[in-house]
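Read through the structure below, which is laid out as structure tokens, and then see the notes.
All ligand and atom numbering here is 1-based and tracks the order in the structure. Residue indices begin at 1 and follow the sequence shown.
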Amino acid sequence: MGLNFQVSNSPFNEEQADLLNRLVPTLSEHQRIWLTGYLTATSSGGASQAVLQASAVLAEQTQALPQTAQVQTVPKEVTVLYGSQTGNCSQLSGKLTAKLEQLGYKVTRASMADFKPGNLKKVQHLLILTSTHGEGEPPDQAIGLYEFLHSKRAPQLPDTFYSVLALGDTSYEFFCQTGKDFDLKLEELGASKLAPRTDCDVDFDSPATEWMEQVIGALELRTSGTTVSVAAGSSVASTAAPSLEESYSRSNPFTAEVLENLNLNGRGSARETRHVELSLEGSGLHYEPGDSLGIYPQNDPKLVDDLIEALNWKPEEEVQVHKQQLPLREALTRVVEITVLTKPLLQQIAGLAPASALSELLAVGHEEELRSYISRHDLLDLVQHYELTGIAAGELVPLLRKIPPRLYSIASSPSANPEEVHITVRTVRYENEGRERSGVCSVQLAERVEAGDALPVFIQHNAGFKLPEQPDTPIIMIGPGTGVAPFRAFLGEREETGAEGKSWLFYGDQHFATDFLYQIEWQKWIKSGVLTRMDVAFSRDSEEKVYVQHRMLEHSRELYEWLQAGAYIYVCGDEKKMAHDVHAALIRILEQEGGRSADEAAAELIRLQQEKRYQRDIY
Ligand SMILES: Cc1cc2nc3c(=O)[nH]c(=O)nc-3n(C[C@H](O)[C@H](O)[C@H](O)COP(=O)(O)OP(=O)(O)OC[C@H]3O[C@@H](n4cnc5c(N)ncnc54)[C@H](O)[C@@H]3O)c2cc1C
Ligand SMILES: Cc1cc2nc3c(=O)[nH]c(=O)nc-3n(C[C@H](O)[C@H](O)[C@H](O)COP(=O)(O)O)c2cc1C
């Protein structure tokens with residue numbers, strides 16, 4: 001290649017131009033491609049090992065191509081598909097898309113639910129961002145594509161280059177399972193990796209950014225037949241946020257004042273559910289019914305003190321943690337997670353205490369025991385059970401994950417409550433091995449937060465749980481317990497906007513007398529016609545336990561008629577039991593009232609899900 005760098009026609013000084021003029025002609029094609037990818041991916045700073053690897057892999061792939069293929073221009077076109085339940089992958093895909101568009105790519109960005117799998121064969125560059133939900137299951141948005149790729153209809157994809165960003169949580173047994181499944185399946189179908197899959201734990205910001213840098217570097221390399229120029233400072237990490245992004249976010253929470261904090265349950269209830277109102281004044285934050293509020297909680301000070309005591313640490317000792325130098329007590333209260341154990345954490349701690357019996361728990365053959373231990377214990381248990389008292393704070397604390405934010409389905413309509421946000425929080429308290437255990441965030445809200453206090457919050461947008469666009473579309477809302485929260489937002493919004501669609505709410509809890517959350521509001525909406533119909537199931541008021549799914553089945557004919565009339569179905573609340581039972585009840589109704597087989601009814605429900613007529617906010 002006849003390049004000649006001169007001071008007049010390049011941004012280099014004389015010495016640099018001279019060096020380049022001596023170096024570049026000596027480079028092989030392979031070395032030039034490697035260097036292009038390296039410079040692209042690292043234009044904001046240091047290169048990670050993974051970026052270097054991706055660059056090397058691509059250079060090798062390109063070298064292996066026949067000579068003619070190297071000079072073909074590869075279009076700067078990318079398809080970004082996300083499978084998100086609570087909004088993280090959706091948000092990250094927006095960030096990635098904005099970045100790619102800045103670099104001149106034509107990006108097709110879609111939720112997996114909106115993407116026609118038949119079009120997959122036409123996609124040359126495919127970037128997948130997916131979380132995992134349930135116990136290793138795909139998020140609702142991803143089910144259709146996931147099943148298609150795992151079916152006999154899945155096409156071979158020899159011309160596709162792809163990469164997967166997997167979001168998950170190492171405290172789950174099937175960590176990032178859906179991302180792993182997509183990655184493996186695409187590989188089996190003959191697609192080539194643009195960059196290796198990245199699996200992210202709850203603190204996903206930096207690994208996700210690093211993955212974006214890698215894929216952009218790799219894409220630039222593949223499409224460099226058309227352009228290789230990347231503006232300085234254009235890495236994902238350093239670019240301005242997309243214009244639509246608000247200044248306060250998950251990584252930069254707003255400090256919101258608490259306006260009200262009440263217990264909604266009556267005296268004598270086994271439950272405690274807090275209704276918390278917060279001010280968003282001055283934040284510039286906006287939300288829609290169906291979105292969630294994220295809160296960064298603090299650990300229980302009593303648990304923090306017990307842990308410090310058990311380890312013979314000094315509360316004021318300075319520790320280095322997540323890029324901050326803090327007194328130990330503050331770090332344990334505000335920054336790191338002490339209530340959840342994960343296998344990677346136990347492995348690291350075992351490395352600090354090699355003589356401990358902890359290594360046995362981690363040994364091959366003890367998997368079930370390990371799973372059970374992790375699910376029932378916290379860090380204080382671990383320290384006490386395995387006598388880990390010799391470990392220094394400076395060794396252990398940096399191994400702990402950041403406290404992840406908790407999400408709460410927003411219970412207010414922004415039209416009815418401008419600059420405010422309301423949430424409905426069930427207090428988590430239980431006992432294990434003689435010690436009272438408290439949910440970090442819910443008990444903080446119940447015991448240590450009152451009106452006038454402030455909390456770090458952000459809005460988690462959720463496009464997958466939204467009122468129908470047409471205001472006259474009927475809606476069926478199934479939300480026992482705190483699952484009813486977003487329906488207070490839905491009805492508040494429909495009241496404000498004068499939407500005329502019919503609405504039907506299924507609600508349930510233990511007792512009518514003490515656990516009927518927001519009872520007066522539902523009654524008011526029934527009276528005004530905003531809520532057309534309400535069916536309730538109080539499980540402990542009768543001999544036999546009744547739940548919302550029983551009420552749905554009792555009214556299966558009418559429910560089916562609502563569906564025939566185009567109703568949207570919304571389910572919110574408990575993911576482990578309720579959501580499965582309600583799903584099964586819906587299949588029964590489609591089977592029984594629609595004359596379908598069980599398989600046809602299940603397929604119909606998936607179709608409704610893909611058409612966004614069956615939406616879930618489950619946890
Ligand atoms: C999208 C989304 C929306 C949500 N909306 C709401 C909402 O509107 N209202 C609401 O209240 N919550 C909601 N949640 C759940 C909420 O985010 C928190 O998970 C919940 O409040 C518990 O948080 P915590 O910090 O109090 O408890 P944590 O400290 O996180 O402890 C909870 C954990 O304790 C353990 N645990 C609980 N009970 C027992 C028991 N009896 N025995 C043994 N172990 C037990 C379980 O491992 C459980 O996961 C939502 C979650 C998501 C993802
Ligand atoms: C109810 C529920 C179940 C989950 N199950 C898993 C799981 O089985 N494996 C995993 O790695 N992560 C699991 N997660 C963690 C999510 O994947 C993680 O929070 C992710 O950031 C969510 O991304 P999203 O907002 O795009 O859905 C679960 C989260 C929730 C709320």
For [atom], the protein heavy atom that lies nearest, with its residue and separation:
atom                    : result
atom 11 (O) of ligand 1 : Arg426 N, 2.9 Å
atom 26 (O) of ligand 1 : Ser442 OG, 2.6 Å
atom 13 (C) of ligand 2 : Thr132 O, 3.1 Å
atom 5 (N) of ligand 2  : Gly134 O, 2.8 Å
atom 16 (C) of ligand 1 : Leu407 O, 3.4 Å
atom 8 (O) of ligand 2  : Gly136 N, 2.8 Å
atom 9 (N) of ligand 2  : Phe174 O, 2.9 Å
atom 28 (P) of ligand 1 : Arg406 NH2, 3.6 Å
atom 46 (C) of ligand 1 : Tyr430 OH, 4.9 Å
atom 20 (C) of ligand 1 : Tyr408 OH, 3.8 Å
atom 12 (N) of ligand 2 : Asp169 N, 3.3 Å
atom 27 (O) of ligand 1 : Gly439 CA, 3.1 Å
atom 9 (N) of ligand 1  : Thr424 O, 2.7 Å
atom 25 (O) of ligand 2 : Thr86 OG1, 2.4 Å

Where's the contact between Cys176 and ligand 2, heavy-atom distance under 4.0 Å: side chain, backbone, both or neither?
backbone

Out of Arg271, His275, Glu272, which one pairs with Leu264 under the side chain to side chain contact (heavy atoms under 4.5 Å, CB included) rule?
His275

Of Leu341, Leu346, Thr342, which meets side chain to side chain contact (heavy atoms under 4.5 Å, CB included) against Pro344?
Thr342

Taken to the nearest 0.5 Å, the spacing of Gln549 CD from Leu586 CG works out to 10.0 Å

Any N or O of [X] that comes nearer than 3.5 Å to an N or O of ligand 2?
X      : answer
Ser131 : yes
Gly87  : yes
Gln85  : yes
Tyr619 : no
Ser84  : yes
Glu135 : no
Cys89  : yes

Arg437 NZ/CZ over Tyr430 ring centroid, <6.0 Å and within 45° of normal:
no

Can you confirm, on distance only, whether ligand 1 has an N/O atom lying under 3.5 Å from any N/O atom belonging to Thr339?
no

Taking both backbone and side-chain atoms of Thr86, is any N or O found less than 3.5 Å from an N or O belonging to ligand 1?
no

With respect to Tyr507, which candidate in Trp522, Phe512, Phe516 satisfies the ring pair (Phe, Tyr, Trp, His ring centres under 6.0 Å) definition?
Phe516

Pair Tyr248 and Phe458, ring centroids less than 6.0 Å apart:
no

Aromatic contact, His583 with Tyr614 (centres under 6.0 Å):
yes

Protein heavy atom under 4.0 Å of atom 49 (O) of ligand 1:
no

Hey, is atom 24 (P) of ligand 1 under 4.0 Å from any protein heavy atom?
yes

Got a sec: does the CD of Glu309 have more than 12 other heavy atoms crowding it under 6.0 Å?
no

Counting each atom of ligand 1 from 1 as listed, which ones have a heavy atom of Val440 under 4.0 Å away?
24 (P), 25 (O), 26 (O), 27 (O), 28 (P), 29 (O)

Using atom types as modelled and distance alone, determine if a side-chain donor or acceptor of Gln444 lies under 3.5 Å from a backbone N or O of Gln298.
yes

Below 4.0 Å from ligand 2: does a non-hydrogen atom of His133 turn up there or not?
yes

Check the side chains of Thr273 and Asn265 for a donor-acceptor pair under 3.5 angstrom, ignoring hydrogens and angles.
yes

